[in-house]
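Heads up, the thing below is written out as structure tokens.
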Protein chains: 2
Amino acid sequence: MTLTELKYIVAVAQKKHFGQAAQACFVSQPTLSIAIKKLEEELDIKLFERSSKNEIRITDIGQQVIEQAQKVLRETQVINEISQQGKDPLSGTFRLGAIYTIGPYLLPNLIPRINESAPNLTLIIEEDFTANLSTKLKQGELDAIIISYPYDEAGIETAPLYEEPFVVALHSRHEWLQKEQISVNELVGQDLMLLGAGHCFRDQVIQACPQCMESNNELTRTLEGSSLETIRHMVAAGTGITVLPCTSMMHSQQNHDLISIKSFANPQPSRTVALAWRKHYPRKEAIQQIIDNIQQCQLPGTQSIR
Amino acid sequence: MTLTELKYIVAVAQKKHFGQAAQACFVSQPTLSIAIKKLEEELDIKLFERSSKNEIRITDIGQQVIEQAQKVLRETQVINEISQQGKDPLSGTFRLGAIYTIGPYLLPNLIPRINESAPNLTLIIEEDFTANLSTKLKQGELDAIIISYPYDEAGIETAPLYEEPFVVALHSRHEWLQKEQISVNELVGQDLMLLGAGHCFRDQVIQACPQCMESNNELTRTLEGSSLETIRHMVAAGTGITVLPCTSMMHSQQNHDLISIKSFANPQPSRTVALAWRKHYPRKEAIQQIIDNIQQCQLPGTQSIR
DNA sequence: TTTATTCAATAGATAAAACCGATTGATAAA
DNA sequence: TTTATCAATCGGTTTTATCTATTGAATAAA
């Protein structure tokens, strides 16, 4: 049984004439006759009562088959409609993940841009650690994730978005208040508060200043499972100092008197924020749209990468 | 788009593996790959996200298409079920027509036989004049009709069922009461009551005794639109005599004292009752079943025709 | 009756497709 | 690097779909 055959029998049922039905199907009369004969043999029933001269008559069983055939053809048409509607890669649902240390600062800026530039695209946002995002990306639960380099996973492509310098946050009564810039090595011996394991930002800070871990293991351990916001409140409380990605400060209303921000002396430690997606993900246009929109965000303190 | 292609994508969606899906469809992997590629090109969307190694992923739009494809395939399967169920020619509906002068006497005997020998066959009965039955038969509103010869219509086949002699019905105080048999010519001059125009039986009686019309035009005209039953009541009332097909008397409980039945002297006038159907009607078995059942009826006074 | 006409079925030939086995290319794991 | 896996591609064959032309059946007209 083929869809063509079903089209033919429906046409014959409508025209009640093999020749006219063939014409309506843009085939020759023998083509249609043979196709219908083939279907009748396959189903082992007579669909039509042929009588030369007078019009074709549909058998009882043929009537049932033809009605069902019309149903099949209608349902088939729905497939075309679905694909037509879904053809726009900038439509449908896009599941975007972001790590905890980027999402809260980038997404409020990004989401309105995407809603404007791709109004048919429904965004679903998810924040998590890099490792979890990565798993979900590979499993297809997420379409793309915003992470930071280094990031190298099999079957995953990435594009750098912007370079984000690190800054030091300290209490406004801290001894470094008058300093213009902080050198990385100066962090050693300070009460440096870091995020818990799992946050890539923690690793990046440690990589920038490996010795800083020597003194403050205990303090950092108490912050396991914490967030940048919590740590910032602790800075304001005078518990210690911390290193933050610059975007976490710029947009914050809580950038109040109790906290002072210092940039690092060259070479400034920084991280590269990037977008990652499955290599074979089919909606490349959607990916590019996300990339473009993120780069248009131009968060203060960051440097675009083109 | 073809049903085969739809089968293929459903198989891939289930197996998440081109090779295994191909095996499940009993085709080679290249065959399946090419078919899916062709469908994706026709719909202009990607249904699957191929990644060598890991398993195949279904795109969002692909998921919708595949679900719809499954629906199409299910509906297609219904066509097979319909034909399977309807393959029995002794199932479904059979519309049987009969002329007024046969139906009431044959059908009460016939219908139980058919219900027993073809329990899946639903009979629909219709009584009318030969001309109307003939039209409905040709238009396909009836599947077969019971009429009497002569009957010759283009595209219609017939089979004789039985020979039905005519009899004379007269009041029990009629002068012919002592007669054994009546000769056709004796009818001339009698108050002979006939059915109205349209009833073929009327024509057959007239044909058997052309002269009998000379005397009783007026009486017969008043019976226009009447029935055999009415005429028989008039016989009982003593209004006149009539000629009846023998089956109309044999099974009647009203064959009471007031009416006496006389058979004709040889050559007995009679009519041949026959079944008629469209030459191309496909359920020949159903036709044969009807014929067989009618012949098994063996109505008293009739002679079977084999 | 014969002839003409209509319409679906059939015949013969060709173009299109479906399909297979073998191979390639890409990818990831050892 | 090598090996293994898997889908895509290649080249060739068979099957199917389709065409034109004709036949055959049946009716309608002459």
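From a predicted model like this one, the values you see are computed outputs, not experimental measurements. Reminder, nothing fancy here: chain letters follow the sequence lines and each chain counts from 1.
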Item to check | Between CZ on residue B:R95 and CG on residue B:L137, distance to nearest 0.5 Å | outcome: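 Reported to 0.5 Å precision, the distance equals 11.0 Å.
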Could I get a table of every N or O pair under 3.5 Å where one atom is in the protein and the other is in nucleotides 15-18 of chain D?
residue: D:dT18; atom: OP2; partner: A:Y8; partner atom: OH; Å: 3.3

Can you check the [X] [atom1] to [N] [atom2] distance for me, whole Å?
| X | N | atom1 | atom2 | value |
| --- | --- | --- | --- | --- |
| B:L3 | C:dA18 | CG | C1' | 15 Å |
| B:E157 | D:dA25 | CD | C1' | 13 Å |
| B:I56 | C:dT27 | CD1 | P | 14 Å |
| A:E49 | C:dC7 | CD | C1' | 16 Å |
| B:I36 | D:dA7 | CD1 | C1' | 11 Å |
| A:L32 | C:dT10 | CG | P | 14 Å |
| A:R50 | D:dG24 | CZ | P | 19 Å |
| B:K37 | D:dA7 | NZ | P | 15 Å |

Checklist entry - Between A:T93 and B:D60, does a side chain to side chain donor-acceptor pair (under 3.5 Å) hold up when you go through it step by step? => result CA-CA 8 Å; A:T93 302; B:D60 280 9; 5.0 Å; no
Checklist entry - Any side-chain donor paired with an acceptor under 3.5 Å for B:E285 and B:Q289? => result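 No, because no side-chain N or O of B:E285 sits under 3.5 Å from a partner of the opposite role on B:Q289.
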Next on the checklist: Whether the A:T272 and A:E163 side chains hold a donor-acceptor pair (N or O, under 3.5 Å, no angle test) is what I'd like checked.
Outcome noted: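 The answer is yes; a qualifying pair exists.
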Item to check | First of B:E153 and B:E40 reached from the 5' end of DNA chain D, by closest nucleotide | outcome: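 With B:E153 and B:E40 compared, the 5'-side residue is B:E40.
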Checklist entry - With respect to the side chain of B:F18, which nucleotide from C:dA8, D:dT27, D:dA7 is positioned closest? => result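 The answer is D:dA7, which lies nearest to the side chain.
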Checklist entry - Is any side-chain N or O of A:H17 closer than 4.0 Å to OP1 or OP2 of C:dA8? => result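 So the side-chain polar atoms of A:H17 do come within 4.0 Å of the phosphate oxygens OP1 or OP2 of C:dA8, strictly under.
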Item to check | N or O in side chain of B:S33 less than 4.0 angstrom from D:dA7 OP1/OP2 | outcome: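 B:S33 to D:dA7 OP1/OP2: no side-chain N or O under 4.0 Å.
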Checklist entry - Which residues satisfy the side-chain hydrogen bond (donor to acceptor under 3.5 Å, both in side chains) test with A:E157, sequence neighbours excluded? => result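 Testing A:E157 for side-chain hydrogen bond (donor to acceptor under 3.5 Å, both in side chains), a comparison that skips the adjacent residues, returns none.
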Item to check | Close side-chain approach of B:V12 to B:I9, heavy-atom, < 4.5 Å | outcome: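 The answer is no; the side chains never approach within 4.5 Å.
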Item to check | Chi angles and distances behind the side-chain contact (heavy atoms from CB on, under 4.5 Å) call for B:R283, A:T59 | outcome: CA-CA 9 Å; B:R283 293 195 286 170; A:T59 64; over 6 Å; no
Next on the checklist: Quick check: on DNA chain C, is the nucleotide nearest A:G155 upstream (toward 5') of the one nearest B:Q29, or the reverse? Name the residue that is more 5'.
Outcome noted: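 Going by which nucleotide is closer to the 5' end, it is B:Q29.
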